[in-house]
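Heads up: the structure comes next, in structure tokens.
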Protein chains: 2
Amino acid sequence: MQRGTMALSRYPFGLIARRLGGATPLPKADERAILGLPLIIRTIEASRDIVYEVGQSDHCCVILDGWTYCYQLLTDGRRQILSFHVPGDLPDLQSLHLPSPDFGMATATRATVAFVPHADLRKLSDRYPAVAQAFWREILVTAATHRAWITSLGRRDAREKLAHLFCEMYLRLKAVGLTDGYSMPMPLRQPDFADALGLTPVHVNRTLRSLRVERLVDLRGRRLMIHDWETLCAIADFNPKYLHLPE
Amino acid sequence: MQRGTMALSRYPFGLIARRLGGATPLPKADERAILGLPLIIRTIEASRDIVYEVGQSDHCCVILDGWTYCYQLLTDGRRQILSFHVPGDLPDLQSLHLPSPDFGMATATRATVAFVPHADLRKLSDRYPAVAQAFWREILVTAATHRAWITSLGRRDAREKLAHLFCEMYLRLKAVGLTDGYSMPMPLRQPDFADALGLTPVHVNRTLRSLRVERLVDLRGRRLMIHDWETLCAIADFNPKYLHLPE
DNA sequence: CGCAAACTTGATGGCCGTCAAGCAAAGTGG
DNA sequence: CCACTTTGCTTGACGGCCATCAAGTTTGCG
């Protein structure tokens with residue numbers, strides 16, 4: 001475990017300050033304040049619950065490297081993934097204002113995560129209104145993404161659901177500079193897709209094959225190649241507005 | 001159309017102040033400030049879009065009477081309902097902080113709605129921190145409800161979905177005093193259930209019948225009678241925590 | 001009162017789940 | 001570093017939940 005800001009150069013933490021600004025960049029002073037936050041940085045193995053041993057959940061977490069997800073379980077063991085998170089994301093900002101979270105968090109890959117004390121985040125947002133605004137914006141975009149998932153789960157078939165998820169993750173990764181043309185990292189396993197889209201792994205497999213056969217996408221070696229972005233968007237009926245990305 | 005606060009005695013507006021407080025009631029001064037908000041009150045027919053003719057969407061709305069819902073459409077016309085709203089709800093508080101909404105709003109029944117200018121809400125929440133806190137709490141509970149719906153849509157079958165929706169609406173109506181024992185108003189039509197739960201009206205009909213035959217619930221004359229709350233909760237795997245209701 | 005929408009039920013079909021088996025990949029421990 | 005085990009991938013066979021189509025009845029709005 002590392003403490004303090006020394007190690008930050010190895011992680012895209014400046015990115016977070018930039019991303020929070022969205023279309024309207026944060027003032028320099030606000031960015032500096034963000035970079036000065038005290039952090040506890042941890043690297044967690046793949047497929048582990050992200051437990052808040054640091055204090056009892058009085059921290060928010062920032063994804064620095066790897067993928068994580070939020071999920072809920074039914075008592076009989078059925079799992080539903082609620083959202084995926086990539087570097088630069090703040091998956092549980094809401095814990096600042098609403099105690100007793102209603103979901104769990106886990107790593108999809110080995111991931112490096114920074115924990116920031118609630119107290120420091122509150123001080124920060126009290127002092128820098130633009131930061132407070134940015135935090136809330138982040139929470140509202142999460143809610144908008146939830147709505148997009150509700151519509152996907154309720155009214156799209158398997159093929160359309162997969163296409164929609166690919167479109168969303170492509171733009172989010174592109175926004176943080178993790179794409180390479182139309183190629184992107186895609187470390188999720190077929191059971192992860194299944195639990196996110198309300199399907200079974202077997203059916204995810206068949207649906208992926210059909211997308212591959214039609215030369216729309218290619219998922220190999222933990223990378224996704226999008227061969228036909230326009231058609232993929234059309235199949236998904238994808239409208240990126242809800243992500244509120246700049247440009 | 002009515003203006004000002006005169007008409008408020010006819011509507012459960014004090015309720016909203018109380019509901020916003022949640023488990024910890026708002027200070028009296030804050031409640032008075034809420035009751036002093038300028039309002040435009042409208043009664044809208046059933047099955048109409050709630051359009052913001054008042055200015056261009058620089059208002060939030062408060063449901064005073066009747067039921068409304070938020071929805072998204074796919075370009076081919078498929079509809080997904082994202083949430084239902086009952087008296088006391090503030091369905092679009094998020095518009096205060098995030099322009100360009102990603103969903104539409106419509107009435108499920110004839111409904112009376114109050115519109116409050118963003119500017120006044122902002123003044124209010126700047127001046128009364130407890131109100132600001134309450135507004136954000138409201139938004140976060142909406143997000144938590146979205147998550148519960150994601151899990152329902154992804155991992156519950158038709159019968160469980162219906163049971164879960166009934167449990168949620170029962171507790172929400174009970175919290176605003178609109179239930180009568182285990183009986184409650186339920187003005188939604190079968191096509192509304194279908195679009196909320198990712199089903200077809202035909203299948204909703206069959207599923208309702210099976211719940212009725214088993215004497216779990218009875219839906220007649222726009223009212224829902226819950227005969228066996230415990231079993232209904234068990235079928236739905238219902239955990240009310242996400243609603244963050246008092247008590 | 002008339003027409004549109006909702007409700008109800010039956011028949012049929014398809015998307016996706018379940019079960020199963022073989023194989024590949026990746027993580028674990030000696 | 002290799003045996004071992006777990007997890008994931010792939011494909012086939014089969015079944016079930018839910019969609020679609022259709023037609024008759026009822027409700028309710030204008």
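This one's a predicted model, so the numbers in the text were calculated from it and none came from an experiment. In what follows, chains carry the letters A, B, and so on, assigned in the order in which the sequence lines appear, proteins first and then strands, with residues in each chain numbered from 1.
When rounded to the nearest whole Å, the span between CG of B:Leu219 and P of C:dA6 equals 15 Å. Straight-line distance from the CG atom of A:Leu153 to the C1' atom of C:dC16: 15 Å, rounded to whole Å. For the pair B:Glu45 CD and D:dC29 P, the computed distance is 9 Å after rounding to whole Å.
B:Arg48 comes within 4.0 angstrom of the backbone, heavy atoms only, and of no base. Among the atoms of the strands shown, base atoms are found under 4.0 Å from some heavy atom of A:Arg206.
Not counting sequence neighbours, the partners of A:Tyr170 by the ring-ring contact (aromatic ring centres under 6.0 Å, His included) test are A:Tyr182, A:Trp229. By the salt bridge (Lys or Arg N to Asp or Glu O under 4.0 Å) test, B:Arg78 is found to be paired with A:Glu160, B:Asp76, residues two or more places apart in sequence or in another chain being considered.
No donor-acceptor pair closer than 3.5 Å links the side chain of B:Glu138 to the backbone N or O of B:Leu90. Although no hydrogens or angles enter the test, the distance criterion places no donor-acceptor pair under 3.5 Å between the side chain of A:Asp92 and the main chain of A:Cys60.
Residue B:Arg209 has a polar side-chain atom (N or O) positioned under 4.0 Å from OP1 or OP2 of C:dT9.
Using a 4.0 Å cut-off between charged nitrogen and carboxylate oxygen, B:Asp102 and A:Lys241 do not count as a salt-bridge pair. The residues A:Asp218 and A:Arg220 are annotated as salt-bridged, a charged nitrogen and a carboxylate oxygen being separated by less than 4.0 angstrom. A salt bridge is absent between B:Arg215 and B:Asp228; no separation between the charged side-chain nitrogens and carboxylate oxygens falls under 4.0 Å. Ion pairing of B:Arg209 with B:Glu214 is absent here, as no side-chain N (NZ or NE/NH1/NH2) approaches a carboxylate O to less than 4.0 Å. Remark: A:Arg79 engages A:Asp192 in a salt bridge, criterion side-chain N to carboxylate O under 4.0 Å.
A donor-acceptor pair shorter than 3.5 Å cannot be found between the side chains of B:Thr151 and B:Arg155. Side-chain contact, A:Thr112 with A:Thr43: a donor N or O sits under 3.5 Å from an acceptor N or O.
Outside the 6.0 Å centre-distance limit, the rings of A:Phe84 and A:Tyr71 are not counted as a close aromatic pair.
Using five terminal pairs a side, the axes of the helix from C:dC1-D:dG30 to C:dG30-D:dC1 at its two ends make an angle of 70°, given in steps of 10 degrees.
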- Stepwise salt bridge (Lys or Arg N to Asp or Glu O under 4.0 Å) test for B:Asp65 and B:Arg110: CA-CA 8 Å; B:Asp65 190 44; B:Arg110 171 197 289 255; over 6 Å; no
Look for any protein N or O under 3.5 Å of an N or O in nucleotides 2-4 of chain C and output each such pair with its distance, or none.
none

What nitrogen or oxygen pairs link the protein and nucleotides 16-18 of chain D at under 3.5 Å?
from, atom 1, to, atom 2, distance (Å)
D:dC18, OP1, B:Ala158, N, 3.0
D:dC18, OP2, B:His203, NE2, 3.2
D:dC18, O5', B:His203, NE2, 3.4

Using atom names, set out every protein N or O paired with an N or O of nucleotides 6-9 of chain D below 3.5 Å, distance rounded to 0.1 Å.
from, atom 1, to, atom 2, distance (Å)
D:dC9, OP1, A:Arg222, NH2, 3.3
D:dC9, OP2, A:Gln190, N, 2.8

